[in-house]
Amino acid sequence: MYSRITGTGSYLPEKILTNHDLEKMVETSDEWIRSRTGITQRHIANTDQKASDLALFASQEAIKAANITSKDLDLIIVATTTPDMTFPSTACILQDKLGVDNCPAFDVQAVCSGFVYALATADKFVSSGKCRNALVVGSEIYSKILDWNDRNTCVLFGDGAGAVVLSQSEAPGILSSHLHASGRYKDVLSVSGSIGDGAIQGSPYINMDGGAVFKFAVKVLEDVVREATEENKLQPSDIDWLIPHQANVRIIRSTAQKLGIPLDKVVVTVDKHGNTSAASIPLALDIAVKDGRICKDQLVLLEGVGGGFTWGAVLLRW
Ligand code: ACO
């Protein structure tokens with residue numbers, strides 16, 4: 001028994017914030033942001049929208065594309081760093097919004113690697129026969145944890161959601177998944193705040209050593225792609241589509257170059273929505289599925305890295 005992605009969906013909030021809009025908010029320029037990151041615009045959720053609302057739109061699309069109904073789901077996993085509330089989990093809130101009851105639902109917190117972690121987890125449930133259809137979502141509202149006066153961070157991120165349905169299949173499907181973490185880098189990229197004594201203890205905003213993130217990301221993304229291809233007796237050049245975490249076009253290009261993967265085999269969407277953390281991989285996947293780039297039987301490699309540090313990859317046959 002294998003698991004296979006049978007439907008994808010995504011959602012980006014209506015409001016668009018361009019680099020030119022940001023020029024009016026902090027000392028920056030469209031040229032600086034584009035040349036350092038490749039980002040031209042990002043989407044920003046309304047103040048009344050929560051991660052579960054974005055997740056709902058993406059999930060409904062994925063469920064429809066999989067040709068099932070929400071009642072056919074027997075597992076829901078949401079990867080998010082920006083949950084609706086401390087608890088219950090965003091997955092439980094999403095389950096209620098989908099009108100489903102009783103199936104297990106939980107969140108995964110692995111920051112920008114969250115979707116890869118969630119997909120790898122769902123694969124274990126589906127391929128072992130415990131579940132028939134799992135909904136795996138990445139949903140984030142980073143606009144709520146950005147200091148809009150800090151040009152080092154506020155230009156990089158955006159809001160959005162992406163979702164897939166993972167179903168039982170006799171043919172692969174997911175070939176392998178590879179997860180890693182190194183908590184000793186926990187201070188390089190963090191939101192240190194937590195709730196205590198009736199207030200936020202620590203900072204409610206993202207704090208990041210951008211240069212350190214960049215170097216670490218390029219190294220581990222190359223390593224994990226090699227690990228995934230070696231385990232499957234493949235070369236990186238055998239991959240039809242590399243779908244990297246959409247953090248920065250320079251990280252994406254450097255990784256592809258080190259692996260010898262031509263850029264026309266790499267799905268890049270960061271220009272249109274910035275870094276949407278756990279949502280970025282399923283967003284990019286959905287866009288490439290819908291525009292017809294990803295075709296049946298192709299080899300697709302999803303790879304991500306994020307705060308923790310966490311990193312990982314999932315190799316699959318479409
Ligand atoms: N506009 C203008 N200037 C800026 C801005 C801005 N928005 N932000 C920083 N600067 C300034 C800095 O203050 C610094 O000025 P100084 O030299 O006077 O001190 C200078 O620009 C730094 O410039 P560079 O060294 O050329 O910047 P660099 O090439 O390192 O790019 C960046 C910075 C984009 C943050 C890069 O390090 C990066 O992308 N790092 C990865 C960060 C990332 O992706 N984080 C996402 C979370 S983790 C993840 O998703 C994997």
Side-chain angles (χ1 to χ4, degrees), residues 17-42 79-82 109-117 138-143 145-160 162 179-183 185-192 203 205-225 242-256 268-271 273-284 302-313:
L17 188 72
T18 66
N19 292 348
H20 295 294
D21 295 328
L22 279 165
E23 286 173 349
K24 294 174 201 137
M25 296 163 63
V26 286
E27 201 183 323
T28 191
S29 66
D30 173 55
E31 193 281 323
W32 193 97
I33 301 170
R34 272 192 294 109
S35 64
R36 299 312 196 288
T37 71
I39 300 166
T40 60
Q41 62 174 46
R42 68 287 293 141
T80 185
T81 323
T82 50
Q109 193 352 345
V111 200
C112 303
S113 315
F115 182 78
V116 168
Y117 266 64
S139 184
E140 300 280 18
I141 305 193
Y142 262 54
S143 57
I145 55 167
L146 289 173
D147 176 353
W148 289 101
N149 296 309
D150 177 14
R151 67 177 185 174
N152 290 299
T153 52
C154 76
V155 303
L156 301 177
F157 297 90
D159 304 336
L179 303 181
H180 298 275
S182 197
Y185 296 101
K186 62 188 182 307
D187 299 325
V188 174
L189 176 60
S190 66
V191 177
S192 66
S203 169
Y205 299 126
I206 291 179
N207 182 50
M208 178 187 79
D209 177 347
V213 173
F214 195 105
K215 281 187 209 130
F216 190 88
V218 171
K219 175 172 178 353
V220 298
L221 289 175
E222 179 191 0
D223 290 350
V224 83
V225 172
L242 181 66
I243 307 199
H245 167 47
Q246 307 287 319
N248 178 320
V249 82
R250 286 161 60 215
I251 295 178
I252 295 173
R253 281 197 197 126
S254 303
T255 311
V268 179
T269 57
V270 66
D271 51 324
H273 54 64
N275 182 346
T276 57
S277 191
S280 92
I281 292 173
L283 258 168
L302 317 178
E303 44 134 48
V305 55
F309 279 116
T310 57
W311 66 102

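Residue numbers run from 1 in the order of the sequence given. Whatever order the structure lists them in is the order used to number ligands and atoms, beginning at 1. Because the structure is predicted, anything quoted here is derived from the model rather than measured.
- Remark: minimum distance from atom 1 (N) of ligand 1 to any protein heavy atom is reached at Thr28 OG1, 2.7 Å.
- Inside a 4.0 Å radius of atom 16 (P) of ligand 1 there is not any protein heavy atom.
- For the pair Asn275 and ligand 1, the shortest N or O to N or O distance falls below 3.5 Å.
- Counting only heavy atoms of the protein, atom 21 (O) of ligand 1 lies nearest to Trp32 CZ2, 3.4 Å.
- Both the backbone and the side chain of Val305 come within 4.0 Å of ligand 1, counting heavy atoms alone.
- Of all atoms in ligand 1, listed by their number and element, those nearer than 4.0 Å to a heavy atom of Arg36 are 24 (P), 26 (O), 27 (O), 29 (O), 34 (C).
- Distance check on atom 46 (C) of ligand 1: some protein heavy atom falls below the 4.0 Å cut-off.
- What you find for Ala79 and Phe115 is that their closest heavy atoms are CB-N, 3.7 Å.
- Atom 19 (O) of ligand 1 is never approached by the protein to below 4.0 angstrom, counting heavy atoms only.
- Atom 9 (C) of ligand 1 has its closest protein heavy atom at Asn152 OD1, 3.1 Å.
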| Ser277 vs Tyr142, side-chain hydrogen bond (donor to acceptor under 3.5 Å, both in side chains): CA-CA, chis, key distance, verdict | CA-CA 8 Å; Ser277 191; Tyr142 262 54; 3.0 Å; yes
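- Residue Ala217 places every heavy atom at 4.0 Å or more from ligand 1.
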| query | Would Asn248 and Phe214 count as a side-chain contact (heavy atoms from CB on, under 4.5 Å) if you check the C-alpha gap in whole Å, the side-chain angles of each, and the deciding distance to 0.1 Å? | reply | CA-CA 9 Å; Asn248 178 320; Phe214 195 105; 4.1 Å; yes
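- Phe309 and Phe216 have parallel rings, their planes meeting at less than 30° on a 0 to 90° scale where 60° marks the start of perpendicular.
- Separation of atoms OG1 (Thr82) and CD1 (Ile145) is listed at 6.0 Å; rounding is to 0.5 Å.
- For the pair Leu189 and Gly306, the tightest heavy-atom approach, listed with the atom from each and the gap, is CD2-C, 4.4 Å.
- The atoms of ligand 1 that sit less than 4.0 Å from any heavy atom of Arg250 are 29 (O), 31 (O).
- Atoms of ligand 1 lying under 4.0 Å from any heavy atom of Leu189, numbered from 1 in the order shown and given with element: 47 (C), 48 (S).
- Of all the heavy atoms of Asn248, the ones lying under 4.0 Å from any atom of ligand 1 belong exclusively to the side chain.
- For atom 51 (C) of ligand 1, a protein heavy-atom neighbour is present inside the 4.0 Å cut-off.
- For atom 30 (O) of ligand 1, the nearest protein heavy atom is 4.0 Å or more away.
- Ranking protein heavy atoms by distance to atom 44 (O) of ligand 1, first place goes to Ala247 CB, 3.7 Å.
- With respect to atom 42 (C) of ligand 1, the closest heavy atom belonging to the protein is Met208 SD, 3.7 Å.
- Regarding atom 40 (N) of ligand 1, its nearest protein heavy-atom neighbour is Gly210 O, 2.9 Å.
- Panel note: side chain Arg151, backbone Glu27; a donor-acceptor pair is recorded below 3.5 Å.
- The distance from ligand 1 to the heavy atoms of Phe214 drops below 4.0 Å at these ligand atoms: 38 (C), 39 (O), 40 (N), 41 (C).
- Contact annotation for atom 26 (O) of ligand 1: protein present (non-hydrogen atoms, distance under 4.0 Å).
- Among the atoms of Ser29, none of the N or O lies under 3.5 angstrom from an N or O of ligand 1.
- Using modelled atom types, one side-chain atom of Gln246 and one backbone atom of Thr269 make a donor-acceptor pair closer than 3.5 Å.
- Between the CD1 atom of Ile39 and the CG atom of Asn275 there is a distance of 7.0 Å, given to the nearest 0.5 Å.
- Looking at Ser113, its side chain does come within 3.5 Å of a backbone N or O of Thr310 through a donor-acceptor pair.
- In plain terms, the two heavy atoms of Ile243 and Ile281 that are nearest each other are CG2-O, 3.9 Å.
- Closest protein heavy atom to atom 13 (O) of ligand 1: Arg151 NH2, 3.1 Å.
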| task | Please lay out, stage by stage, how Thr276 and Glu140 fare under the test side-chain hydrogen bond (donor to acceptor under 3.5 Å, both in side chains). | result | CA-CA 6 Å; Thr276 57; Glu140 300 280 18; over 6 Å; no
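- Residue Val155 approaches ligand 1 through these ligand atoms, each under 4.0 Å from one of its heavy atoms: 7 (N).
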| task | Take Glu23 and Asp30 through the side-chain contact (heavy atoms from CB on, under 4.5 Å) test and state the conclusion after the steps. | result | CA-CA 7 Å; Glu23 286 173 349; Asp30 173 55; 3.5 Å; yes
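- Closest to atom 49 (C) of ligand 1 among all protein heavy atoms lies His245 NE2, 3.7 Å.
- Minimum heavy-atom separation, Gly138 to Ala279: O-CB, 3.4 Å.
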